[in-house]
Participant: 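Mind having a look at this structure? Questions to follow.
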Amino acid sequence: MAPKSSAATKQHATPAPAAAPEASPAAAGNALQSLLNAYNQNTSPRLKLIDAFLVFLMISGVLQFLYCVLVTNFPFNAFLAGFGSCVGQFVLTASLRSQVNPANRNEFKDISPERAFADFALGSIVLHFFVYNFLG
Amino acid sequence: MLLRRAAALLALVLTACARSSTGDSVLVVLDPSLDKDAYSTFWAGLTDKGYNLTFRTAKEAQPEIIQDEVAQFSHVVVFAPESKNLAQDLTPQALVSLLDKGTNLLLALSPSKQTTINTLASEFSLVLPPPGTPLISHFPARDAPATVVPVSPPAAHPVLSSGLPPVWFSGVPFAYTPNPLLIPILSAPAESFAADTSSDSGADAVFESADRAGEGLWAGSSLSLVAGFQATTGARVTFVGGVETFSDEFAQKELPQGKSSGNKQFAEDVAGWTFQETNALRIDKVEHHRVNETEPREMYTTNDNVVFTLHVSKFNPIKDTWEPYSGIKDMQLEFTMLDPHIRTSLPPIPGKAGEYSVAFRVPDRHGVFKFVVNHKRKGWTHLESTTVVPVVPPRHDEYPRFLSAAWPYYIGAMSTSAAFVLFVALWLSGDDREGRKKGLKTE
Amino acid sequence: MRLSFVLLSSLLAAGEAFAGQLSIQQARFSVLGSDASQLRLEPISLAPANKAKPVHLGASDTLKLTFTVVAKEQDPDAEPKGLQTHQTFVRFHDVQSGEEGVVPVRVAQNGKAKFELNMARPPSALPPTPLQGNETAPLSVTLLLGSFEHSPYSLELFDLYLPPSQPAPEHPDEKTFHSQPEIHHTFRPEQKVPSKFVSGLAALIVAGGPWVVLLGLLSQVPLSTPHLLSPSVLPFTISLTALEALLFYYWVDLKLGQVLAYGAVLGLVTTITGRQALQKRGEWRLQGAQKK
Amino acid sequence: MATKAYTLPTNVAPETVANIRSLVRIVSLALISAAAISSRLFAVVNFESIIHEFDPWFNYRATKLLAAKGFYEFWNWFDPTAWYPLGRVVGGTIYPGLMATSGVIYNVLHALNLPVDIRNICVLLAPGFSALTAWSTYMFTKELKDESAGLLAAAFIGIVPGYISRSVAGSYDNEAIAIFLLMFTFYCWIKALKTGSAFFGTLAALFYFYMVAAWGGYAFITNMIPLHALALILMGRFSSRLYVAYSSWYAIGTLASMQVPFVGFQPVRTSEHMAALGVFGLLQIIAFAELVRSHVSSKQFQTLLYASVVAMGLVGFFGIVGLTYKGWIAPWTGRFYSLWDTGYAKKYIPIIASVSEHQPTAWPSFFMDLHMLIFLFPAGVIMCFSKLRDEHIFVIIYSVVASYFAGVMVRLMLTLTPVVCVAAAVALSSLLDTYIDPTEPVPEEIEPTEAEATPQDPAKKSKKAAPAGNPTSLGEYFSRFTGNTNKPRGIFGINNRLIVLFNTFGMLVFFVIHCTWVTSNAYSSPSVVLASTGADGNPHIIDDFREAYYWLRQNTPEDAVVMSWWDYGYQIAGMANRTTLVDNNTWNNTHIATVGKAMSSSEEVAYPILKKHDVDYILIIFGGLLGYSGDDINKFLWMVRIAQGVWPDEIQEPNYFTKQGEYRVDDRAPDTMKNSLMYKMSYYRFNELFGGQQAMDRVRGQQMPKQGPTLDYLDEAFTSENWIVRIYQVRKEDILGRDLKIANAFEQGRKRKKTKPPVRRRALA
């Protein structure tokens with residue numbers, strides 16, 4: 001998925017973008033524009049923090065994937081471990097994000113942000129255990 | 001001439017104290033009709049070497065050859081061309097079972113009768129002509145009967161000593177079906193043939209015998225007169241077409257061109273080979289270990305470099321001892337699982353007597369492998385050795401680690417966990433007043 | 001060598017021992033094609049010196065050999081008379097392989113002898129002549145005469161080329177009695193590894209790139225870390241870090257058992273610290289909520 | 001105040017009710033576990049504490065090694081005595097979960113100074129885990145309906161034959177723990193999905209890992225969960241909870257599953273695992289789409305978005321297809337195909353078809369294994385439809401898929417059983433709820449607590465009462481309620497309720513009786529020791545197998561190689577401790593085919609094969625004397641087929657049938673059959689038993705030929721008491737290099753025909 005996915009929040013009070021119904025590329029262009037603005041305006045720093053890390057994980061994942069495709073996949077287990085750690089960490093963090101996001105409070109009734117973080121920590125530790133075990 | 005006589009004499013003196021590598025007791029089974037003293041030279045030769053001979057006639061059952069499954073003699077000589085069948089304990093089956101027990105046999109075929117030995121011969125892939133067809137040769141012209149033939153032994157033969165003068169022979173020739181265990185020692189002269197007629201009037205009979213029973217003519221050097229046979233147990237058998245070959249008469253009888261015959265030496269050579277004096281080898285020890293190690297491994301890992309060493313010695317009849325023997329140049333080692341994965345020559349190590357050694361790299365394929373040495377040469381003891389070693393894949397911790405190719409992956413994993421730590425720190429230390437977000441939201 | 005010398009000498013020596021010396025006359029051979037057409041007809045000279053040129057037989061040709069067996073009497077001017085000998089054989093011998101076959105010849109009372117070799121129906125005694133390259137080895141053909149009254153006689157007739165046959169039968173185990181061809185194992189090719197430089201560079205990129213971006217983004221985000229060192233939170237952070245360190249060290253070198261043991265202990269600590277840290281954070285959050 | 005069919009004691013404080021309820025729940029769970037364990041001990045009681053069947057013997061052997069030498073040795077274990085001479089890298093070719101489990105238990109017990117024999121741990125592992133299974137089924141069903149249904153389900157799974165068949169004491173096989181893991185993983189998954197907590201996702205991943213390490217059937221989970229997720233998505237039920245649950249499960253679970261050497265890279269390389277990967281990708285895309293869609297309100301943008309989503313989906317799909325085509329992703333394996341086309345295996349991979357438990361299920365066995373549950377099952381599924389929460393969808397999918405598979409393969413009955421129990425429990429408990437709930441339908445609801453309070457008691461009671469076999473106790477139990485009531489009769493009248501209830505309890509009673517009967521009679525035989533009843537009706541133990549295996553152990557050299565059909569490989573290794581050519585881990589078809597060829601070809605053809613593989617002894621199973629139908633002659637055709645698969649021009653199946661296409665062993669049997677090694681070994685000296693009159697094969701029910709077969713290349717070494725096991729020794733080569741047939745003739749003093757001198761020249765062919 002593209003970086004923008006992480007750069008999107010679920011808040012409803014978004015100022016409607018000034019996109020008139022025209023040729024879709026242009027529409028897409030300023031739709032993205034408005035998206036970014038909306039994001040920058042009304043995302044709490046904590047969510048931004050998370051998003052920063054999501055971007056980080058994605059980039060390092062992509063880099064490893066490129067290396068695997070372009071150069072070598074020889075210790076395949078090592079690749080899977082490295083790449084898997086990025087992907088796994090990414091989804092865990094994404095999960096955390098959607099859990100602490102106040103907008104989703106009604107979906108996660110019985111999961112407080114703290115509980116979410118505890119889950120996140122546990123998940124990551126387990127993940128990393130397997131990663132290092134598989135790194136070879 | 002003189003010199004050679006002297007040499008022969010000397011050899012005789014030296015071999016006086018010689019012995020077999022498998023034992024000294026010999027049982028000699030003779031025809032009642034056969035005059036024992038007519039073979040005194042042969043017997044003397046044996047006793048001089050240190051054998052103790054026990055004589056018994058073909059009919060009497062004492063002393064027994066096998067007592068409760070144990071062979072009583074290490075060698076058995078059967079010179080009974082006249083008696084159709086032998087005593088109870090000398091059935092063909094019994095004789096074969098003797099070979100199984102490692103006893104060596106020296107057997108004389110009968111030119112005239114279908115004796116036990118003649119029937120037994122077919123088990124050793126010998127093919128005999130019909131009874132009563134002795135070997136006849138009109139070549140060379142000589143003042144001996146046509147059935148008494150001077151045969152010149154092969155120039156170089158593993159069993160016979162070299163430079164042997166022609167040998168007087170009188171008896172039955174035989175053909176043989178191909179069998180690597182069989183070693184023809186003396187083959188008939190090219191001009192000789194087997195026939196049951198004794199005058200030129202028999203010419204037509206000879207001609208007809210050719211297409212009788214489609215056997216063709218029993219003639220030429222493809223026939224054999226004396227043949228050795230080495231069973232897979234290592235026991236040796238020798239079939240002799242005619243007993244007289246060992247007789248004193250033939251030993252003294254002069255050759256047409258007036259030289260003394262080679263019968264005496266020939267008899268000694270044949271007996272020596274049959275009784276495991278000569279060409280007797282054995283494997284003393286087998287060693288295998290990794291290169292730069294000394295102890296053998298329970299199991300080897302794929303791609304190991306392994307050294308295999310074989311110790312061979314040869315029996316020295318003169319000293320009556322086994323001596324390290326490096327004389328084999330074409331020994332081969334196989335590393336086998338189902339089929340040989342590696343076959344390489346196993347050369348003798350110069351300087352180390354009797355040691356044959358080779359180092360090689362174990363195939364990159366796991367399984368239960370065998371070091372196989374299977375050195376079989378005609379006239380020599382077969383050297384067979386099999387050592388089983390499992391070849392296993394590397395242990396989980398024997399694979400190479402920290403490969404350069406994987407650096408990016410290692411780094412990636414590490415930076416992820418580093419990032420995780422940083423994130424945890426920031427997250428926990430940051431403050432989230434819901435107020436903030438609410439505030440933002442409401443605006 | 002020695003052998004032949006012996007035979008020869010014995011032959012000469014035999015001169016006086018016997019009534020006479022066997023020999024042949026009017027010896028000639030001919031080669032007939034399948035349609036009985038005569039391809040070749042030559043007399044055979046008794047002098048070994050001028051031996052006939054090699055004879056080639058086709059798959060359906062026939063070799064004809066006719067001669068009269070005679071015995072030379074003592075006095076040279078006596079007329080040699082034909083007779084029947086005990087042994088009248090033709091010997092085919094492959095000098096290279098030692099393969100040999102002997103075929104008898106029928107001789108009439110008056111010594112007239114006729115021998116036919118019909119390759120359409122060859123006698124079983126004939127030795128095998130396998131192809132060697134594109135040629136079969138020649139068989140030297142010898143005539144053997146032997147009798148009880150006269151001294152024997154042998155004459156080398158000519159070299160004979162026969163159509164190819166199968167090689168001589170061999171026992172299946174025969175080959176194990178000679179040294180066999182060597183076998184070498186072909187190993188799997190080594191995993192090819194990119195140059196250290198390339199992977200090193202890649203490693204640097206993987207290590208550097210994302211972090212630059214991360215720090216860049218973080219600089220954008222208004223971060224406030226008031227509780228970084230607060231006693232309630234710090235232990236949790238530390239213990240989590242410790243866990244990560246343990247896992248990393250597990251990779252460097254630790255056994256599974258060890259890491260599980262240490263992990264269990266650390267995990268316990270972490271749960272305790274985590275519990276109280278998160279409680280604290282919960283309070284902060286809620287009071288933050290109350291503030292408004 | 002609602003009218004009630006009968007009054008309940010009202011003077012009880014709600015919390016006491018709650019306490020009592022939980023107490024009763026715990027007690028009944030404990031009792032259920034007890035029932036589950038004890039009903040699996042028939043095997044030990046009837047026979048002895050012994051490992052059953054075939055595979056368990058290997059697991060047992062492996063566990064012993066693990067217990068003795070430790071984990072790392074076990075991991076690196078190369079077994080040179082299996083698959084001789086190929087050997088077997090055991091560490092890389094097994095699911096170590098089972099051994100690891102009992103290894104841990106062993107070490108823990110010894111740490112507590114409880115010196116328990118490893119064998120007993122192995123024997124009792126399955127019953128122990130069956131209790132856990134009952135518990136996890138309880139948890140699972142609780143999520144679906146409520147505790148009462150959970151207890152019913154637990155009771156069902158505890159004693160249902162379909163599960164007992166694989167988990168009696170001594171059947172020490174992967175399934176023993178796998179079913180527990182299966183249910184618990186599903187429970188975690190459902191829980192994670194409900195609450196959307198990464199914690200349960202992680203837990204699910206961990207148990208998934210355990211499952212992968214324990215049983216090849218993990219693929220079932222690998223495809224069930226994605227299927228469920230996909231279904232939810234298609235039903236428009238996507239939610240962040242689903243995202244959290246699935247992502248955390250897949251990300252951790254997949255990485256974890258690859259730690260098992262046997263599985264290795266399969267999760268990213270083989271098609272069986274691609275569904276999970278695909279759904280994972282799809283979820284990411286959809287999550288992204290959802291986020292943005294909920295965020296932006298621009299028509300074009302949405303269309304654009306959908307276009308891109310669809311495009312991504314297609315790209316992903318075709319990507320996978322392409323990779324499969326290029327061979328990066330292994331296509332479906334044969335075992336997998338055989339699930340769709342039942343004829344497939346027989347045609348292409350006889351080795352799989354030959355396994356008895358891969359045969360399609362016979363209808364009676366459904367009733368045999370599930371009894372009344374089989375008709376409660378659909379009702380339960382219907383009820384799931386009535387309230388269609390996510391977890392219900394899961395159960396529905398599960399039941400559909402599992403029913404199909406159970407129809408295809410006998411062994412997959414095992415995966416069906418749990419969901420049947422769950423569904424049946426749901427159905428039955430709602431039935432009971434309806435009829436026990438005292439309130440008569442009035443508009444306003446009564447608080448659910450009382451409704452819940454009662455139902456699970458009778459359910460439980462019935463289970464307890466049934467074995468005792470006096471259902472009357474139920475009656476007086478109810479009179480407690482009915483005593484102080486004088487309500488109007490009619491449809492809600494107590495009597496009508498009682499009729500239904502009694503029938504239900506009756507069914508339960510019969511269910512229990514049936515289960516007990518089946519378990520004790522059908523599923524408790526170790527098959528290593530056979531039981532039969534003599535003429536006088538006394539039980540009579542047939543112990544030929546162990547007799548023979550111990551003979552091997554005692555009378556043959558340590559390194560002797562024993563050839564047998566693969567079924568007996570593990571037992572030979574385990575009991576006789578001798579080297580085998582092939583065994584029940586059928587990883588190398590060619591090697592098995594080699595054995596098949598040796599068995600199905602004539603002596604002189606087989607002999608070189610035997611020699612090449614250094615075979616010293618051949619072991620065969622022969623039931624002809626006793627009428628033991630599972631013998632090698634009946635398996636013979638599989639040997640032929642498998643051999644034919646590799647050597648089509650040397651072995652042809654039709655040659656083993658008569659002209660009329662019958663499979664016979666009497667004089668009408670074709671020569672190929674009569675000359676085959678297997679036939680000769682089976683019937684060698686068989687006639688002698690019948691002293692004179694004609695021999696009779698009791699399995700095939702055919703008269704044997706007057707003239708029994710003769711053997712030239714083998715010697716009979718051992719034949720067990722009832723002739724079930726026959727062991728032959730392979731002759732050494734003749735010392736004179738003769739063919740053994742000729743050597744034999746010579747030994748028996750037969751005249752050999754005169755040989756002619758060989759003809760050297762042969763015309764070119």
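Chain A is the first sequence line, chain B the second, and so forth, proteins listed ahead of strands; every chain is numbered from 1. We use all heavy atoms of the structure for the numbers below, so side chains are in, but hydrogens, waters and symmetry mates are not. Values in this document were obtained by computation on a predicted structure and should not be read as measured data.
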Participant: Looking at CZ of A:Phe134 and CD of D:Gln259, how far apart are the two atoms once the value is rounded to the nearest 0.5 Å?
Facilitator: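 Separation between the atoms: 5.5 Å.
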Participant: Measuring only between side-chain heavy atoms, which start at C-beta, is D:Arg269 closer than 4.5 Å to A:Phe76?
Facilitator: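 Side chain of D:Arg269 against side chain of A:Phe76, heavy atoms only: contact under 4.5 Å found.
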Participant: Of all the heavy-atom pairs spanning A:Asp119 and D:Ser197, show the shortest one and how long it is.
Facilitator: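 For A:Asp119 and D:Ser197, the tightest heavy-atom pair comes out as OD2-CB, 3.6 Å.
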Participant: To check you understand the geometry: which heavy-atom pair defines the closest contact between D:Val244 and A:Ser98, and what is its length?
Facilitator: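 Looking at all heavy atoms of both residues, the closest pair is CG2-OG, 3.8 Å.
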Participant: Taking the side chain as every heavy atom from C-beta outward, state whether A:Phe108 and D:Thr195 have any atom pair closer than 4.5 Å.
Facilitator: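 Heavy-atom side-chain distance check fails, nothing below 4.5 Å.
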Participant: Is A:Asn133 close to chain D through its backbone or its side chain, or both, or neither, when contacts mean heavy atoms under 4.5 Å?
Facilitator: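 Answer is both: backbone and side chain atoms of A:Asn133 are under 4.5 Å from chain D.
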Participant: So, for A:Asn77 and D:Phe265, which heavy atoms are closest and what is the spacing to 0.1 Å?
Facilitator: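 Nearest heavy atoms, A:Asn77 then D:Phe265: N-CZ, 3.5 Å.
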Participant: Any idea which of D:Phe199, D:Phe209, D:Phe280 has the most non-hydrogen atom pairs under 4.5 angstrom with chain A?
Facilitator: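 Ranked by heavy-atom pairs under 4.5 Å with chain A, first place is D:Phe199.
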Participant: Can you tell me which portion of D:Leu206 sits under 4.5 Å from chain A's heavy atoms? Options are side chain, backbone, both or neither.
Facilitator: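 Side chain only.
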Participant: Need one label for A:Leu92: side chain, backbone, both or neither, based on atoms under 4.5 Å from any heavy atom in chain D.
Facilitator: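 The side chain, not the backbone.
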Participant: Side chain, backbone, both or neither: which part of D:Tyr250 has a heavy atom under 4.5 Å from chain A?
Facilitator: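 D:Tyr250 has no heavy atom closer than 4.5 Å to chain A.
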Participant: Nearest heavy-atom pair of D:Leu255 and A:Leu80: which atoms, and what distance?
Facilitator: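 Heavy-atom minimum between the residues: CD1-O, 4.1 Å.
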Participant: Does A:Phe65, at its CZ atom, have more than 12 non-hydrogen atoms belonging to other residues, nucleotides or ligands within less than 6.0 Å?
Facilitator: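 Atom CZ in A:Phe65 is not packed in, count stays at 12 or less.
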Participant: Looking at A:Gly123, A:Gly88, A:Gly84, which one has more heavy-atom pairs under 4.5 Å with chain D than the rest?
Facilitator: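 Result: the option with the highest number of such pairs is A:Gly123.
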Participant: Given side-chain contact (heavy atoms from CB on, under 4.5 Å), test D:Tyr246 with A:Val91 step by step and report yes or no.
Facilitator: CA-CA 10 Å; D:Tyr246 190 86; A:Val91 292; over 6 Å; no
Participant: Under 4.5 Å heavy-atom distance to chain D, tell me which part of A:Ile111 shows up: side chain, backbone, both or neither.
Facilitator: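 Side chain only.
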Participant: Please classify the contact between D:Thr202 and chain A as side chain, backbone, both or neither, with a heavy-atom cut-off of under 4.5 Å.
Facilitator: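 Side chain only.
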Participant: Under 3.5 Å, side chain of A:Gln99 to main-chain N/O of D:Gly196, donor-acceptor pair present?
Facilitator: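 At least one qualifying donor-acceptor pair exists.
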Participant: Give a yes or no answer on whether the side chain of A:Glu107 reaches the backbone of D:Ser240 with a donor-acceptor pair at less than 3.5 Å.
Facilitator: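 Indeed, once roles are kept as given, a pair shorter than 3.5 Å links the two residues.
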Participant: Nearest 0.5 Å, what's the NZ-CZ distance between A:Lys109 and D:Arg241?
Facilitator: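 One finds 7.0 Å between NZ of A:Lys109 and CZ of D:Arg241.
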